[in-house]
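Proteins come first, then strands; the chains are lettered A, B, ... in the order of their sequence lines, and each starts at number 1.
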There are 2 protein chains.
Amino acid sequence: MNNTIFMADQYYLNKSTFLVAADCIVFGFKEKELHILLTRRPVEPLAGEWSLMGGFVSENESLEDAAKKVLFEYTQQKGIYMEQVNAYGAVDRDIGGRVISVAFYALVRLEEFDTSLAQKFDARWINIKELPQLVFDHNKMVEDALTLLRFKVSMQPIIFNFFDEKFTLPALQDLYEAIYQRPIDKRNFRKKIASMNILDKLDIKDTLSSKRGAFYYVFNEEKYRDFLASGKFFSL
Amino acid sequence: MNNTIFMADQYYLNKSTFLVAADCIVFGFKEKELHILLTRRPVEPLAGEWSLMGGFVSENESLEDAAKKVLFEYTQQKGIYMEQVNAYGAVDRDIGGRVISVAFYALVRLEEFDTSLAQKFDARWINIKELPQLVFDHNKMVEDALTLLRFKVSMQPIIFNFFDEKFTLPALQDLYEAIYQRPIDKRNFRKKIASMNILDKLDIKDTLSSKRGAFYYVFNEEKYRDFLASGKFFSL
DNA sequence: ACAAAAGTGTTCACACTACACCCATGG
DNA sequence: CCATGGGTGTAGTGTGAACACTTTTGT
């Protein structure tokens with residue numbers, strides 16, 4: 001073997017370095033539709049155009065930390081569920097300079113969203129069925145995030161991150177329908193939910209969205225572990 | 001709205017920049033087992049330890065271009081099937097410096113692999129069941145790549161990228177078993193393949209791996225399009 | 001009393017699983 | 001002639017899809 005051992009200096013120095021950004025696709029659920037949080041880009045080029053929330057990664061920050069920082073800045077919430085989508089690195093994807101961007105999607109509880117923040121950052125919750133054109137490759141990021149969300153939501157019980165602890169079955173079904181963009185049969189849906197036995201039914205009802213009222217449920221972490229331990233897998 | 005428009009200079013300048021690498025998880029199939037291509041790291045720190053193939057992204061290169069460059073360097077093949085796994089950006093993931101790495105997995109045809117390259121780069125095909133400890137977070141990358149590969153291979157007909165055009169059904173089954181790491185029933189497997197009607201059976205046999213010989217098949221792109229057009233989905 | 005949404009079971013079709021024997025050939 | 005791997009069908013089970021009426025309550 002004629003392998004040469006290089007000095008680290010030769011290897012790490014004199015290489016190109018890049019700006020790295022974290023862009024967030026922030027999903028929320030309201031009015032029976034899936035929405036994402038968009039803002040007007042505050043900087044040239046393309047100032048004023050619709051854009052995802054983003055920020056540059058700094059020296060002593062992981063990619064996830066950078067994304068969390070962006071999420072906290074725009075929502076003031078901590079512990080938001082977040083997952084990496086992909087890295088985007090086309091040479092001219094950002095016309096303002098060479099920037100490699102890592103996209104994350106996040107699920108936020110819209111009940112506890114501070115609407116004053118929307119004002120502050122000129123941000124709005126936009127129905128995913130009415131997405132405008134976004135800057136750079138942000139539309140592609142949203143598309144990829146949606147694809148991933150649809151997959152994940154069908155395989156893992158992450159959907160409960162959209163709700164503030166308790167939720168009704170009709171609301172849960174509406175949410176799945178909003179994510180998959182297709183109707184789901186009510187009886188089959190409830191049958192499947194019931195068969196997993198991972199929810200606790202509460203004694204109280206949500207009487208706001210109907211006269212009769214729908215019972216609240218909560219996700220039971222422990223029951224879910226038992227469910228997994230029995231060799232079954234979440235699937236919806 | 002009290003949104004300030006920044007000048008691009010303020011926005012893009014004076015931000016941290018990073019070395020960005022593309023690391024490749026190169027999968028190949030031989031001896032009825034899935035293998036990945038590993039090399040001895042040629043540079044300090046950790047020179048001589050097992051490592052994935054990687055390279056730094058340069059100025060006028062996309063992430064995909066950088067990964068392709070790495071793949072071509074180590075395999076001398078072009079048009080290799082490749083897909084992004086994830087970006088890895090923990091602050092101290094590379095102990096030689098701050099490097100953000102984007103992992104790609106690739107599927108190569110081992111029949112046409114030039115073994116002299118293995119010598120040149122001190123590279124070896126290692127059975128995935130016998131993976132050594134790799135440098136940095138490369139083991140995690142391989143794990144993530146395998147998870148993604150298992151999913152993709154079950155949903156899209158990418159598995160044929162492991163073969164040099166033609167292949168036998170026993171070999172195809174062996175490959176699925178190697179990827180999923182579990183036995184598959186021969187009759188059920190063949191029934192499902194047949195029901196999709198996306199392969200063409202050739203008149204010739206592979207007589208090397210058995211006395212009787214197994215018929216060769218080729219993937220038929222057109223039949224696959226018809227299959228999709230009929231509203232069905234690939235699943236294996 | 002009526003409108004509006006919540007809640008509840010059964011049937012049917014299809015897909016997945018399990019399973020055992022004969023065939024072709026080289027040595 | 002025998003050892004080795006290639007090739008073939010059927011029956012049973014479970015899962016997903018279709019489908020309609022009763023209940024509750026606010027107005």
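Formation of a donor-acceptor pair under 3.5 Å by the His138(A) side chain with backbone atoms of Leu52(A) is found in this model. Between the side chain of Thr39(B) and the main chain of Phe121(B), a donor-acceptor pair closer than 3.5 Å is present.
Distance from the side chain of Ala214(B) is smallest to dG6(D) among dG6(D), dA6(C), dC19(C). Nearest nucleotide to the side chain of Arg212(B), out of dA17(D), dA18(C), dA24(C): dA24(C).
The one candidate from Phe219(A), Tyr176(A), Phe160(A), Phe162(A) that meets the ring pair (Phe, Tyr, Trp, His ring centres under 6.0 Å) condition with Phe167(A) is Phe160(A).
Judged by distance alone, with hydrogens and angles left aside, Lys191(A) brings no side-chain donor or acceptor close enough to the base of dT15(D) to form a pair under 3.5 Å. Side-chain atoms of Lys211(B) stay outside donor-acceptor range of the base of dG27(C), with no qualifying N/O pair under 3.5 Å. In this model, a side-chain donor or acceptor of Arg187(B) finds a partner on the base of dA20(C) within 3.5 Å. Applying the 3.5 Å distance criterion, the base of dC19(D) shares a donor-acceptor pair with the side chain of Asp185(A).
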Exercise for the section: Take Asn197(A) and Phe227(A) through the test side chain to side chain contact (heavy atoms under 4.5 Å, CB included) and record every step on the way to the result. Expected result: CA-CA 7 Å; Asn197(A) 187 35; Phe227(A) 170 76; over 6 Å; no

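Atom OH of Tyr216(A) and atom C1' of dG7(C) are 17 Å apart (whole Å). Taking atom CZ of residue Phe189(A) and atom P of nucleotide dA6(C), one finds them 12 Å apart after rounding to whole Å. Rounded to an integer number of Å, the gap from Leu172(A) CG to dA6(C) P is 13 Å. Summarising the geometry, the separation between CG on Leu208(A) and P on dA5(C) is reported as 14 Å, rounded to the nearest angstrom. In this structure, Ile184(B) atom CD1 and dA18(C) atom C1' are separated by 15 Å, rounded to whole Å. Look at CD1 on Ile204(B): it is 16 Å from P on dG6(D), rounded to the nearest Å. Rounding to whole angstrom units, NZ of residue Lys186(B) and C1' of dC16(C) are separated by 19 Å. Taking atom CZ on Phe233(A) and atom C1' on dG16(D), their separation rounds to 19 Å, with Å as the unit.
Heavy atoms of Thr168(B) sit nowhere under 4.0 angstrom from any nucleic acid atom. Using a 4.0 Å heavy-atom distance criterion, Lys192(A) is classed as a sugar-phosphate-only contact.
Taking the charged nitrogens against the carboxylate oxygens, Lys140(A) and Asp144(A) do have a contact shorter than 4.0 Å, which makes a salt bridge.
For dG7(D), the OP1/OP2 oxygens have a side-chain nitrogen or oxygen of Arg190(B) closer than 4.0 Å.
Map Ser210(A) and Asn188(A) each onto its nearest nucleotide of DNA chain C; the residue landing nearer the 5' end is Ser210(A).
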